[in-house]
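The structure appears right after this line, and notes come after that.
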Amino acid sequence: MTISDQQRLKIEVAKAAVAEVPAGAILGIGTGSTVDCFIDELAQAKVPLQAAVSSSRRTTERLKALGYPVIGLEGLAGPIDLYIDGADEIDANLCMIKGGGGALTQEKIVASAARRFICIVDASKRVEVLGRFPLPLEVIAAAIAPVTWAVRALGGEPTLRPGVTTDNGHPILDVRGLTIQDPRALETALNQIPGIVTNGIFALRPADLALVASNHGVIRLQHN
Ligand code: 5RP
């Protein structure tokens, strides 16, 4: 798939996602190049929102530039209506690896505060087993060494993502060599390791719907 093919599929899936957004919704919005397309299509379709809850500075800037009001979760009395985000990998159960763009902590927070989660991807992101894409871990800097030892014991090899700190000021470790047969179990195990702020497995709260763009159109995969 060429870059321009992939960009065309991102725009197609973004348009399909816009059709899922109820007018006047409180909408959670993820981060990344697919989400950038979604924000642009949302504005082009002039979909009115009550407010947007953003998962990153990058997304906040794009939303504000297009005139959308952005609020924090602390301004809300209850869950948000819908969360829309991309993914680095997604499996048949709509479990995902996320965090390639480094926004995994806020993404997981906003996703978990949403009644409905729609994942938007092109077909290259679909996998049978998660783990070919290096698994991102946002970590406390002082804990890099013990987190590395603990992750090695689970079969992965972490490396520091060079020159990157998250919106929260933390480094990211990317873990290679994992074949994630049981994403919920590994997400739970990583959640127990002191010093990991957030791991990029989204399985305990998978997507409810995936919109997947390929050259044959956009298909819908429902969570069962
Ligand atoms: C950012 C993410 C993104 O959703 C993921 O990296 C996919 O990005 P893109 O749409 O650019 O391929 O998790 O932290």
Any side-chain heavy atom of [X] within less than 4.5 Å of one from [Y]?
X: Leu209; Y: Leu221; value: no
X: Asp91; Y: Pro183; value: yes
X: Asp85; Y: Thr34; value: no
X: Leu42; Y: Leu27; value: yes
X: Val13; Y: Val212; value: no
X: Leu154; Y: Ile193; value: yes
X: Thr59; Y: Val35; value: yes
X: Leu82; Y: Pro22; value: yes

In Å, rounded to the nearest 0.5 Å, how long is the span from [atom1] of [X] to [atom2] of [Y]?
X: Leu190; Y: Ile196; atom1: CG; atom2: CD1; answer: 5.0 Å
X: Leu211; Y: Phe38; atom1: CG; atom2: CZ; answer: 10.0 Å
X: Thr198; Y: Lys108; atom1: OG1; atom2: NZ; answer: 6.5 Å
X: Glu107; Y: Leu104; atom1: CD; atom2: CG; answer: 7.0 Å
X: Glu157; Y: Leu173; atom1: CD; atom2: CG; answer: 10.0 Å
X: Cys37; Y: Gln44; atom1: SG; atom2: CD; answer: 11.0 Å

Taking all non-hydrogen atoms of both residues into account, name the closest pair between [X] and [Y] and its distance.
X: Arg205; Y: Ala114; value: NH2-O, 3.0 Å
X: Gly131; Y: Glu89; value: N-OE1, 2.8 Å
X: Glu138; Y: Ile172; value: CA-CG1, 4.4 Å
X: Leu94; Y: Gln222; value: CD1-C, 3.8 Å
X: Cys119; Y: Ala207; value: CB-CB, 3.9 Å
X: Glu187; Y: Asn199; value: O-ND2, 3.3 Å

Quiz item: Can you tell me if Ser56 and Gln106 form a side-chain donor-acceptor pair at under 3.5 Å?
Solution: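 Distance-only check fails for Ser56 and Gln106.
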Same apolar cluster: [X] and [Y], side chain cutoff 4.5 Å:
X: Phe133; Y: Val129; result: no
X: Ile201; Y: Val197; result: no
X: Ile109; Y: Ile26; result: yes
X: Val47; Y: Ile120; result: yes
X: Ile219; Y: Ile118; result: no

Exercise. Test Asp88 against Met96 for side chain to side chain contact (heavy atoms under 4.5 Å, CB included), laying out the working first.
Key: CA-CA 7 Å; Asp88 300 302; Met96 295 154 282; over 6 Å; no
Exercise. Go through Asn93 and Arg184 one step at a time and tell me if the side chain to side chain donor-acceptor pair (under 3.5 Å) criterion holds.
Key: CA-CA 11 Å; Asn93 296 315; Arg184 289 169 64 93; over 6 Å; no
Practice problem: Test Lys15 against Glu41 for salt bridge (charged side-chain N to carboxylate O under 4.0 Å, His left out), laying out the working first. | Solution: CA-CA 6 Å; Lys15 284 183 198 290; Glu41 294 298 327; 3.2 Å; yes
Quiz prompt | Residue among Ile39, Thr60, Thr31 satisfying side-chain contact (heavy atoms from CB on, under 4.5 Å) with Ser54 | solution =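 For Ser54, the side-chain contact (heavy atoms from CB on, under 4.5 Å) check succeeds only for Thr60.
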Self-check item: Worked check of side chain to side chain contact (heavy atoms under 4.5 Å, CB included) between Thr166 and Thr105
Solution: CA-CA 9 Å; Thr166 66; Thr105 296; over 6 Å; no
Self-check item: Exceeds 12 heavy-atom contacts within 6.0 angstrom, atom CZ of Arg8
Solution: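 Atom CZ in Arg8 is packed in, count exceeds 12.
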Quiz item: Is the number of heavy atoms from other residues, nucleotides or ligands within 6.0 Å of CD (Glu128) greater than 12?
Solution: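 No - once you tally the heavy atoms of other residues, nucleotides and ligands closer than 6.0 Å, there are 12 at most.
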Whether [Y] and [X] form a salt bridge (side-chain N of Lys/Arg under 4.0 Å from carboxylate O of Asp/Glu) is what I want to check.
X: Arg115; Y: Asp81; answer: yes
X: Asp174; Y: Arg161; answer: yes
X: Asp40; Y: Arg62; answer: yes

Exercise. Verify, without hydrogens or angle tests, whether Ser55 (side chain) and Ile29 (backbone) share a donor-acceptor contact under 3.5 angstrom.
Key: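 Present.
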Practice problem: Check the pair Glu20, Arg220 against salt bridge (charged side-chain N to carboxylate O under 4.0 Å, His left out), reporting the backbone distance first and the verdict last. | Solution: CA-CA 12 Å; Glu20 301 286 329; Arg220 302 166 67 86; 2.5 Å; yes
Self-check item: Full working for side chain to side chain contact (heavy atoms under 4.5 Å, CB included) between Ile180 and Ile97
Solution: CA-CA 10 Å; Ile180 307 175; Ile97 286 183; 4.0 Å; yes
Practice problem: I would like to know whether Ile80 and Leu76 meet side chain to side chain contact (heavy atoms under 4.5 Å, CB included); could you show each step before the answer? | Solution: CA-CA 8 Å; Ile80 61 177; Leu76 297 172; 3.3 Å; yes
Quiz item: For Arg58 and Asp36, what are the C-alpha separation, side-chain angles and deciding distance, and is it a salt bridge (charged side-chain N to carboxylate O under 4.0 Å, His left out)?
Solution: CA-CA 9 Å; Arg58 167 178 171 169; Asp36 284 349; 2.7 Å; yes
